[in-house]
Number of protein chains: 2
Amino acid sequence: MSLPEVNEVLERLCNLLRMETRAFALKYGLQPVQMEALTYLTQCNRYSDTPQAVGEYLGLTKGTVSQSLKILEQKGLLRKQTDKQDKRIVHLSPTVKGKNLIKHTSADKTLTPSLAKANSKKISELNSVLRSTLIEMQKANQRKAFAACHTCRFNEKNEKGSVCGLTHESLSVQDVQLICREHEYPS
Amino acid sequence: MSLPEVNEVLERLCNLLRMETRAFALKYGLQPVQMEALTYLTQCNRYSDTPQAVGEYLGLTKGTVSQSLKILEQKGLLRKQTDKQDKRIVHLSPTVKGKNLIKHTSADKTLTPSLAKANSKKISELNSVLRSTLIEMQKANQRKAFAACHTCRFNEKNEKGSVCGLTHESLSVQDVQLICREHEYPS
DNA sequence: AATTATAGTATCGAATCAATACAATTATTA
DNA sequence: TAATAATTGTATTGATTCGATACTATAATT
């Protein structure tokens, strides 16, 4: 039975990934958490760009996240904007400088070249197994999925494109590729 | 091409694993790093149970590790013992209390049950792809393998069992299953 | 015997993180 | 409508992480 083995390899791989992320972030003058928060904010949609959402995504309390965001703002990588309707809510948007930084970093990730040595059939199998494991694990630990709208059960397709069943707002082709904090898989 | 997708899923899975590890360690009154160090020390061999090795394994400097070990010792989860031959070296061994804690924790890991939903053929494929990815990545980043003796190029089998080609000491059946900091894969 | 290398510890400062308390705004309900 | 509760975010405190630097003790080399 190789189940415990996979568990072990996966944990080891995660450790390694974390080490490299730390070294990597440091190279760009950021802390790992800051890098992760900024990356998330370049990938999430307009319902999910708040301090609260960042905290849920990273598994941290809002107080903790608040400080990291403050530093990102001070470094000019992030802009804060209070919501027009609900003045409690703050929207976070990466500046051009912030976006460029993330663009650079995702270019030289160390994981991809190592993965690329496997053949493409194995890659796609790996993809499906890992994805279902991720979903199972999120369910088991009552974490939100934080996936893109096009796989969401609230997403409705019509002749013009897509509509979110929660907000009843129409979504563009780009929109449905973004991460949403309200995402739920079809049951 | 699903390569970037796998990359993304794997990163997401690692994030999730880290969240759970944090929550998990906290439940047992430990910090994540402390838990990881203690886990490593229950799995490593007698050449690899030093502060230095723990640092290499976790990708941290020895100064950083020294503090975490100090806390583990204060909590009675760890014992320090200076080497008989080389008095600079300190050997770290988990106490009974420490071993029990790790035994409990590895019992209710959240990853395993989620993985178990995949069929066993996929599991073993997953195992091999992830393992080679791990090895590739360790090579690319010049990290040590930290794997078990039985896959090491220095390990020599004889009629009595195994011998380490570096230390020329004989290794028991249990020994060759333990993690070694000097481990190198055959080329 | 002197120098150099190695293993580990101690200390400092910036940052993480949880916990708590708090302010501002919105939603609920009496 | 007014009082209460819930939600979003910030500020503060204290334990811990982590890298950097300096230091001690021991071993290896020259």
Side-chain angles (χ1 to χ4, degrees), chain A residues 15 18-38 41 47-75 78-92 181-182, chain B residues 15 18-38 41 46-75 77-92 181-182:
Chain A
N15 277 333
R18 194 159 95 247
M19 291 181 212
E20 303 312 328
T21 303
R22 188 171 26 233
F24 198 74
L26 228 71
K27 212 175 79 179
Y28 285 87
L30 290 179
Q31 296 292 324
V33 209
Q34 295 167 9
M35 180 84 90
E36 281 164 20
L38 195 58
L41 289 169
Y47 312 130
S48 316
D49 61 350
T50 68
Q52 181 89 355
V54 174
E56 286 169 6
Y57 182 83
L58 297 177
L60 303 174
T61 60
K62 55 182 182 170
T64 300
V65 171
S66 185
Q67 302 168 70
S68 300
L69 295 174
K70 199 171 144 194
I71 295 169
L72 283 174
E73 195 190 17
Q74 286 166 357
K75 296 200 178 202
L78 203 67
R79 223 191 337 264
K80 291 185 183 178
Q81 226 166 348
T82 54
D83 190 278
K84 296 273 162 59
Q85 271 81 46
D86 189 335
K87 286 174 189 167
R88 293 171 301 183
I89 294 174
V90 169
H91 292 281
L92 307 159
R181 67 183 292 201
E182 305 292 352
Chain B
N15 277 333
R18 193 159 96 246
M19 289 180 213
E20 302 313 329
T21 303
R22 191 175 17 239
F24 198 74
L26 228 72
K27 212 175 79 180
Y28 286 87
L30 290 179
Q31 296 291 323
V33 207
Q34 296 168 7
M35 180 82 91
E36 280 164 21
L38 196 57
L41 289 170
R46 57 183 178 277
Y47 312 131
S48 316
D49 61 350
T50 68
Q52 182 88 357
V54 174
E56 286 168 7
Y57 181 82
L58 297 176
L60 303 174
T61 60
K62 55 182 182 171
T64 300
V65 170
S66 185
Q67 301 169 69
S68 299
L69 295 175
K70 198 171 144 192
I71 295 169
L72 283 175
E73 195 190 15
Q74 286 167 358
K75 297 200 176 199
L77 299 168
L78 202 67
R79 223 192 338 265
K80 290 185 186 180
Q81 225 167 350
T82 54
D83 190 279
K84 295 274 160 62
Q85 272 79 46
D86 189 335
K87 287 175 189 167
R88 293 171 303 182
I89 295 174
V90 169
H91 292 282
L92 307 159
R181 64 184 293 204
E182 305 293 351

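These numbers were taken from a predicted model, which means no experiment stands behind them. So you know, we letter chains A, B, ... as the sequences are listed, proteins then strands, and number each from 1.
- Atom C1' of nucleotide D:dT16 and atom CG of B:Leu72 are separated by 12 Å, given to the nearest angstrom.
- Scanning atom types as modelled, no donor and acceptor separated by under 3.5 angstrom connect the side chain of A:Ser66 and the base of D:dG9.
- Note: CZ (B:Arg18) to P (D:dT17) measures 15 Å, nearest angstrom.
- Both B:Ser68 and A:Gln52 sit near DNA chain D, but only A:Gln52 has its closest nucleotide nearer the 5' end.
- Here chain A contacts DNA chain C (any atom closer than 4.0 Å to a heavy atom, that is under 4.0 Å), and the contacts span C:dA15 to C:dT26 from 5' to 3'.
- Rounded to whole Å, atom C1' of D:dC18 lies 7 Å from atom CZ of A:Arg22.
- Of the residues in residues 79-90 of chain B, those with a non-hydrogen atom less than 4.0 angstrom from any atom of DNA chain C are B:Lys80, B:Arg88, B:Ile89, B:Val90.
- For A:Lys80, the side chain to side chain contact (heavy atoms under 4.5 Å, CB included) partners at least two apart in sequence or on another chain are A:Glu73, A:Val90, A:Leu92.
- To the nearest 0.5 angstrom, B:Ser68 atom OG is 11.5 Å from B:Leu38 atom CG.
- Legend: residues meeting side chain to side chain donor-acceptor pair (under 3.5 Å) with A:Arg79, ordered by chain and number and at least two apart, are absent.
- With sequence neighbours left out, B:Asp83 forms a side chain to side chain contact (heavy atoms under 4.5 Å, CB included) with B:Gln85, B:Asp86, B:Ile89, B:His91.
- Scanning residues 53-63 of chain A for heavy-atom distances under 4.0 Å to DNA chain C yields A:Leu60, A:Thr61.
- Note that CG of B:Leu41 and CG of B:Leu77 are 11.0 Å apart. Values are rounded to the nearest 0.5 Å.
- One atom, NZ of A:Lys70, and another, C1' of D:dT12, lie 10 Å apart when rounded to the nearest Å.
- Within 4.0 Å of A:Gln67, counting heavy atoms only, lies at least one base atom of the nucleic acid.
- In this structure B:Arg22 satisfies the side chain to side chain donor-acceptor pair (under 3.5 Å) test with no other residue, sequence neighbours excluded.
- The CE atom of B:Met35 lies 5.5 Å from the CZ atom of B:Phe24; values are rounded to the nearest 0.5 Å.
- Evaluation of the side chain to side chain donor-acceptor pair (under 3.5 Å) rule for A:Ser48 yields A:Asn45 as partners, not counting sequence neighbours.
- Nearer the 5' end of DNA chain C, as judged by each residue's closest nucleotide, is the contact made by B:Arg181, out of B:Arg181 and A:Thr64.
- If you measure from atom CG of A:Leu30 to atom C1' of D:dC18, you get 16 Å, rounded to the nearest angstrom.
- Partners of A:Glu56 according to the side chain to side chain donor-acceptor pair (under 3.5 Å) rule, which considers only residues two or more places apart in sequence or in another chain, are A:Lys144, A:Arg181.
- Using a 4.0 Å heavy-atom criterion, one finds that A:Leu26 contacts no nucleic acid atom at all.
- Scored by the side chain to side chain contact (heavy atoms under 4.5 Å, CB included) test, A:Ile71 finds A:Gln34, A:Gln74, A:Lys75 as partners (sequence neighbours excluded).
- Annotation: side chain to side chain contact (heavy atoms under 4.5 Å, CB included) contacts of A:Thr64 (sequence neighbours excluded): A:Leu60, A:Thr61.
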